[in-house]
Enquirer: 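Can you read through this structure? Questions will come right after.
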Amino acid sequence: MPLSRLLLVLFCTATLVHAQTNPSWTTSIAPFRIADNLYYVGSQELASYLVVTPKGDILINASLATSPLQIRASVEKLGFRWTDIKILLNSQAHADHMAGAAEVIRETHAKNMVMDGDVSVVETGARADFLSPSPNIPTYTPVHVDRVLHDEDTVTLGGVTLTALKTAGHTRGCTTWTMRSHLPGEPAGTSRNIVIVGGTGFWSEYHFVATPNHPVSYPGIVQDFQHTFAVLRTLPCDLFLGSHGGYFDLLTKLEHYPQDGPRVFIDPAGYKDFVADAEKTFEQALAKQQAAARR
Ligand SMILES: [Zn+2]
């Protein structure tokens, strides 16, 4: 496929993914175990993760306003209690990961922890998003942030620690979560590096270069994206996960889950390819915008 066409497809996919019409966003799948203390409780495409500890649980991504019912059903199907969720985390402040937060917090009283660049977005229900107002940035019920996270902060509960990496650009506080955990079926005492990619995409509304007609989306957006790729490139990754199932080919990997179990998510090569592709897509779009600005 010629490069221009490939880019067009990538842009259209990103736009479609943000148009809130994709049925895979709301299609249920059976919840499943990823590591000793990590479970998938999301839909086909919108990933939610439950981290289970002796002192209560952590939910990553409340997803759409309609998702909490589905997430709760998954949590309970696994045998865990909805009200044991003590902490709510997220991958990014867009509605597909955060619109359900108000309901999750109301029902569980979980503490809401958000990366610094996304705090105002979360507390205004996306009205402070740098792209807002836009049909691609649906608003949602604002939620109070209990703890502001900064790059490389850790979240610890019941002896389990997650690290928040600020991988901004897609949103200003886009967060990649990492943890180490033992996998069921692997030798005792071994553990794996788990990476939950926050998001690296963008679409035509993202302005990387100022033009007479339009300023940059936000000052520093290019540096943020480049920092994000530099961080992701060097991150040790055994289990490749993300905020969207499509990032890590969730449905394809799940086909092998009945035989192979959680090891289907061990995919360091797939992770490297994902990051390399995303970086290339960004650098090409940046070059194109720079060339257009010079004309
Ligand atoms: Zn997003």
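Whatever order the structure lists them in is the order used to number ligands and atoms, beginning at 1.
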Enquirer: Which atom name would you report as the N, O or S atom of H170 nearest the Zn ion (ligand 1)?
Expert: NE2

Enquirer: With a 4.0 Å cut-off on N to O distance, would you call D267 and K253 a salt bridge?
Expert: yes

Enquirer: Counting backbone and side chain alike, does T171 bring an N/O/S atom below 2.8 Å of the Zn ion (ligand 1)?
Expert: no

Enquirer: On the 0 to 90° scale, with breaks at 30° and 60°, tag the H94-W203 ring pair as parallel, tilted or perpendicular.
Expert: tilted

Enquirer: Y206 vs F202 aromatic rings, parallel, tilted or perpendicular, using cut-offs 30° and 60°?
Expert: perpendicular

Enquirer: Fit a plane to each ring of F225 and F282, take the angle between them on a 0 to 90° scale, and name the class: parallel (under 30°), tilted (30 to 60°) or perpendicular (over 60°).
Expert: parallel

Enquirer: So which of the N, O or S atoms of H94 lies nearest the Zn ion (ligand 1)?
Expert: ND1

